[in-house]
K.L.:
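Okay, here's the structure, questions in a sec.
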Amino acid sequence: MGTVDYIKRAWVLMKGDFGTLWGGIFLLKVLQASVGSTIPVLGGLVFYGVIMAGTMLVCLRAIRNQPYEFGDLFKGFDFFGEAFIAGIIVFFATFFAWLLCCLPGFFLAPFFFYPFAFIVDKKMSAMDAVKASWNLVAKDYGRHLTLYLLILLLNFLGFLACFVGVIFTSVLGTIALAVAYNDLVPSEEVLPIAEVVEGVPPENTF
């Protein structure tokens, strides 16, 4: 599946359930932004990980035609410890990269596409999930950089549409990451997952 197909698949999923896959995820993004603005930095960090974990959990269930409901978006709290640690790692790694210059932060961002998906799907620790995300992206960095550029372009076009469009594109990009993860990582608990963590190219993953 190509990067454009990830976006197309995400749109089909979102269009099929605007209530949860758009409205629910967007609501969580608003809540996170509200908490972050009320308690700068700390508020956003506390809830960023669990929100992303809950979002990935629901997106993966939708992709796999598994039952889910609105309340499942809050099941990220079931993974609070690992999700919080992963959120801290992702925030500070990208934050300092952006401080150095825009380019390091830009090129580093794709490596942190999947830690929360690994946490909820494979029950990994935060460190293993971050490592697995890094190694998975490193195997085909060009594909992930292209996906990142497409998501940024969609959000830019959303802003141009009187800021209304970004309400949809911001959620669409998040779902697209879940679609990409599901395409690249086996859904079963199998040996290749351990190999991804260790950086060994797994068989039959692509």
Side-chain angles (χ1 to χ4, degrees), residues 1-10 13 25 48-49 51-57 59-60 63-64 76 79 82-156 169-206:
M1 188 181 296
T3 52
V4 174
D5 293 320
Y6 294 149
I7 302 294
K8 290 180 179 178
R9 175 63 173 148
L13 288 165
I25 294 174
Y48 170 69
I51 285 175
M52 286 303 301
T55 298
M56 284 295 126
L57 178 68
C59 286
L60 288 174
I63 293 165
R64 296 168 182 174
F79 306 87
E82 301 302 336
F84 173 71
I85 294 171
I88 292 289
I89 295 172
V90 171
F91 173 81
F92 281 106
T94 53
F95 176 74
F96 285 115
W98 281 104
L99 278 183
L100 292 174
C101 177
C102 285
L103 285 180
F106 175 83
F107 288 110
L108 188 66
F111 287 103
F112 300 108
F113 275 176
Y114 308 120
F116 304 103
F118 275 114
I119 287 173
V120 300
D121 190 39
K122 305 302 178 185
K123 309 302 184 291
M124 287 185 175
S125 68
M127 290 302 299
D128 281 347
V130 171
K131 185 188 296 185
S133 178
W134 184 283
N135 290 333
L136 185 61
V137 172
K139 287 172 54 186
D140 193 350
Y141 181 72
R143 176 202 298 255
H144 291 92
L145 182 61
T146 300
L147 178 59
Y148 185 47
L149 289 171
L150 284 173
I151 291 173
L152 290 179
L153 176 61
L154 285 173
N155 286 331
F156 176 71
T169 59
S170 62
V171 175
L172 186 67
T174 300
I175 300 173
L177 295 184
V179 173
Y181 169 87
N182 189 69
D183 181 48
L184 301 176
V185 177
S187 59
E188 301 84 6
E189 296 285 353
V190 291
L191 179 61
I193 297 305
E195 294 175 351
V196 168
V197 176
E198 297 303 322
V200 178
E203 298 179 356
N204 301 324
T205 299
F206 294 94

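Keep in mind it's a predicted model, so treat the numbers as computed, not measured.
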K.L.:
Looking at every heavy atom in both Leu108 and Ala93, which two are closest together, and how far apart are they?
P.N.:
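Answer, listing the atom of Leu108 first, then Ala93: CD2-O, 3.6 Å.
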K.L.:
Under 3.5 Å, which donor-acceptor pairs link side chains of residues 170-179 to any protein atom two or more places apart or in another chain?
P.N.:
{"unit_1": "Ser170", "atom_1": "OG", "unit_2": "Val166", "atom_2": "O", "d": "2.9"}
{"unit_1": "Thr174", "atom_1": "OG1", "unit_2": "Lys29", "atom_2": "NZ", "d": "3.1"}
{"unit_1": "Thr174", "atom_1": "OG1", "unit_2": "Ser170", "atom_2": "O", "d": "3.2"}

K.L.:
Nearest 0.5 Å please: distance from the CD atom of Glu82 over to the NZ atom of Lys123.
P.N.:
12.5 Å
K.L.:
Would you call Asp121 and Met56 a side-chain contact if the rule is heavy atoms closer than 4.5 Å?
P.N.:
no
K.L.:
Return the set of residues passing side-chain contact (heavy atoms from CB on, under 4.5 Å) with Leu153 (not counting sequence neighbours), or none when no residue passes.
P.N.:
Leu157
K.L.:
Sequence neighbours left out, what passes side chain to side chain donor-acceptor pair (under 3.5 Å) with Tyr6? Give chain and number order.
P.N.:
Arg143, Asp183
K.L.:
With a 4.5 Å cut-off on side-chain heavy atoms, are Tyr181 and Phe118 touching?
P.N.:
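In short, these two side chains touch, coming nearer than 4.5 Å.
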K.L.:
Taking the side chain as every heavy atom from C-beta outward, state whether Phe112 and Trp134 have any pair of such atoms under 4.5 Å apart.
P.N.:
yes
K.L.:
For the side chain of Ser133 and the backbone of Ala129, is there at least one donor-acceptor N/O pair under 3.5 Å apart?
P.N.:
no
K.L.:
Not counting sequence neighbours, which residues clear ring-ring contact (aromatic ring centres under 6.0 Å, His included) with Tyr141? List them please.
P.N.:
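Applying ring-ring contact (aromatic ring centres under 6.0 Å, His included) to Tyr141 gives Phe111.
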K.L.:
For residues Val90 and Pro115, report the shortest heavy-atom separation together with the two atoms involved.
P.N.:
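Between these two residues, the closest heavy atoms are CG2-CG, 4.1 Å.
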K.L.:
Kindly state whether the ring of Tyr48 and the ring of Phe116 have centres lying under 6.0 angstrom apart.
P.N.:
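Aromatic pair counts; centres sit under 6.0 Å.
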K.L.:
Got a donor-acceptor contact below 3.5 angstrom from the Asp5 side chain to the Met1 backbone?
P.N.:
no
K.L.:
Do the ring planes of Phe113 and His144 sit parallel (below 30°), tilted (30 to 60°) or perpendicular (above 60°)?
P.N.:
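Phe113 and His144: tilted rings.
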K.L.:
If I take atom CG from residue Asp140 and atom CG from residue Leu147, how far apart are they, to the nearest 0.5 angstrom?
P.N.:
11.0 Å
K.L.:
Can you name the closest pair of heavy atoms from Lys122 and Pro186 and give their distance?
P.N.:
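Looks like NZ-O, 2.7 Å.
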K.L.:
If every non-hydrogen atom of Ala86 is compared with every non-hydrogen atom of Ile119, which pair is closest and at what distance?
P.N.:
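Taking Ala86 first and Ile119 second, the nearest heavy atoms are CB-CD1, 3.7 Å.
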K.L.:
Sequence neighbours excluded, which residues qualify as side-chain contact (heavy atoms from CB on, under 4.5 Å) partners of Met127?
P.N.:
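So Met127 forms a side-chain contact (heavy atoms from CB on, under 4.5 Å) with Ile89, Ser125.
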K.L.:
Assess whether side-chain contact (heavy atoms from CB on, under 4.5 Å) is satisfied between Ile25 and Cys59, documenting all intermediate values.
P.N.:
CA-CA 10 Å; Ile25 294 174; Cys59 286; 3.8 Å; yes
